[in-house]
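Contents: one structure, followed by commentary.
Values below: all heavy atoms of this structure, side chains included; hydrogens, waters and symmetry mates excluded. Starting from 1, each residue takes its place in the sequence as its number.
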Amino acid sequence: MNKVLFLTIILITICPIAYAKDSKSDYKAIENLFDSYMNKYNRYIKDRKLPKEPELYLDSIMLMSSSNSATVISSDDFNVQVTSFLDSLINQGVTYVTWESKDIKFLDKNIAVVSNIAIRYKGNGDVYNRVGATYFVNKLSNEWRIAAFAVHSPNFTGSL
């Protein structure tokens, strides 16, 4: 068999395996990003201190919701808004938040869409509310970060 043809067949056979391995580690890295997200926010709810690490966002992020038009903000300014938002949840009796679901879809090797539903709980264990959010995440310098997100109804059941 021709050496070039043999090498081509080997590469074609190996490449999908290598990509599958990378996508599994990327999937886990994105799961870890959103576990860190929840841990960071719950730590603030508990201690009123927002840890700087891990960094969750790119330097600038876009956010939108049904009550606000799309806006781009620096991650530093956004973290200030996050603490104000979490303070308002604390004042309404929220004591912790969990993910009900996390749905990760890859658009490319360094871009994914993550649609989550969060459940916010009161101190007595009752559900305060549920909220949906869909995130665009981007892999830069081998780290996944949130680039944009939209807050929406938790009843979104569409397939991404």
Is there a path of hydrophobic side-chain contacts, each under 4.5 Å between heavy atoms of I, L, V, M, F, W or Y residues, that connects Phe78 with Met64? no
For residues Asn116 and Tyr135, report the shortest heavy-atom separation together with the two atoms involved. ND2-CE1, 3.7 Å
In one Ile/Leu/Val/Met/Phe/Trp/Tyr side-chain cluster, 4.5 Å: Leu33, Tyr27: yes
State plainly whether one hydrophobic cluster holds both Val82 and Val97, where clusters connect Ile, Leu, Val, Met, Phe, Trp and Tyr through side-chain heavy atoms under 4.5 angstrom apart. yes
Could you check whether any side-chain heavy atom of Ser115 comes within less than 4.5 Å of a side-chain heavy atom of His152, counting everything from C-beta outward? yes
Mind checking what makes side chain to side chain donor-acceptor pair (under 3.5 Å) contact with Gln92, not counting sequence neighbours? Tyr128
Provide the full list of side chain to side chain donor-acceptor pair (under 3.5 Å) pairs with a residue in residues 140-151, sequence neighbours left out, each pair given once. Asp26-Trp144, Lys139-Asn142, Glu143-Arg145
Should Tyr44 and Tyr121 be counted in the same cluster of Ile, Leu, Val, Met, Phe, Trp and Tyr side chains packed under 4.5 Å apart? no
What residues form a side chain to side chain contact (heavy atoms under 4.5 Å, CB included) with Phe85, not counting sequence neighbours? Ser88, Leu89, Arg120
Return the minimal non-hydrogen interatomic distance between Trp99 and Phe34, and the atom names on each side. NE1-O, 2.9 Å
So do Ile117 and Val131 actually touch side chain to side chain, heavy atoms under 4.5 Å? no
Between Asn138 and Asn110 the two heavy atoms that sit nearest each other are ND2-O, 2.9 Å
Suppose the criterion is salt bridge (Lys or Arg N to Asp or Glu O under 4.0 Å): which pairs have a residue in residues 129-138, not counting sequence neighbours? Glu100-Arg130
Checking the side chain of Asn39 only, and the main-chain atoms of Asp35 only, is there a donor and an acceptor separated by less than 3.5 Å? yes
When rounded to the nearest 0.5 angstrom, what is the spacing between CD1 in Ile73 and CD in Gln81? 3.5 Å
Distance col, row Lys40:NZ vs Leu86:CG, nearest 0.5 angstrom, shows 11.0 Å
Is Asn42 reaching over with its side chain to a backbone N or O of Met38, donor-acceptor style, under 3.5 angstrom? yes
List the atom pairs, with distances to 0.1 Å, where a side-chain N or O of residues 46-63 and a protein N or O form a donor-acceptor pair under 3.5 Å, not counting sequence neighbours.
{"unit_1": "Arg48", "atom_1": "NH1", "unit_2": "Asp87", "atom_2": "OD1", "d": "3.4"}
{"unit_1": "Glu55", "atom_1": "OE2", "unit_2": "Tyr57", "atom_2": "N", "d": "3.4"}
{"unit_1": "Tyr57", "atom_1": "OH", "unit_2": "Tyr41", "atom_2": "OH", "d": "2.4"}

Residues Lys102 and Glu31: closest non-hydrogen pair is NZ-O, 4.0 Å
Compare all side-chain heavy atoms of Asp103 with those of Val114 and state whether any distance is below 4.5 angstrom. no
Quick check on the hydrophobic clustering: are Tyr37 and Tyr96 connected, directly or via other members, by side-chain heavy-atom contacts under 4.5 Å? no
Contacts of type side chain to side chain contact (heavy atoms under 4.5 Å, CB included), residue Ser153, not counting sequence neighbours: Asn155
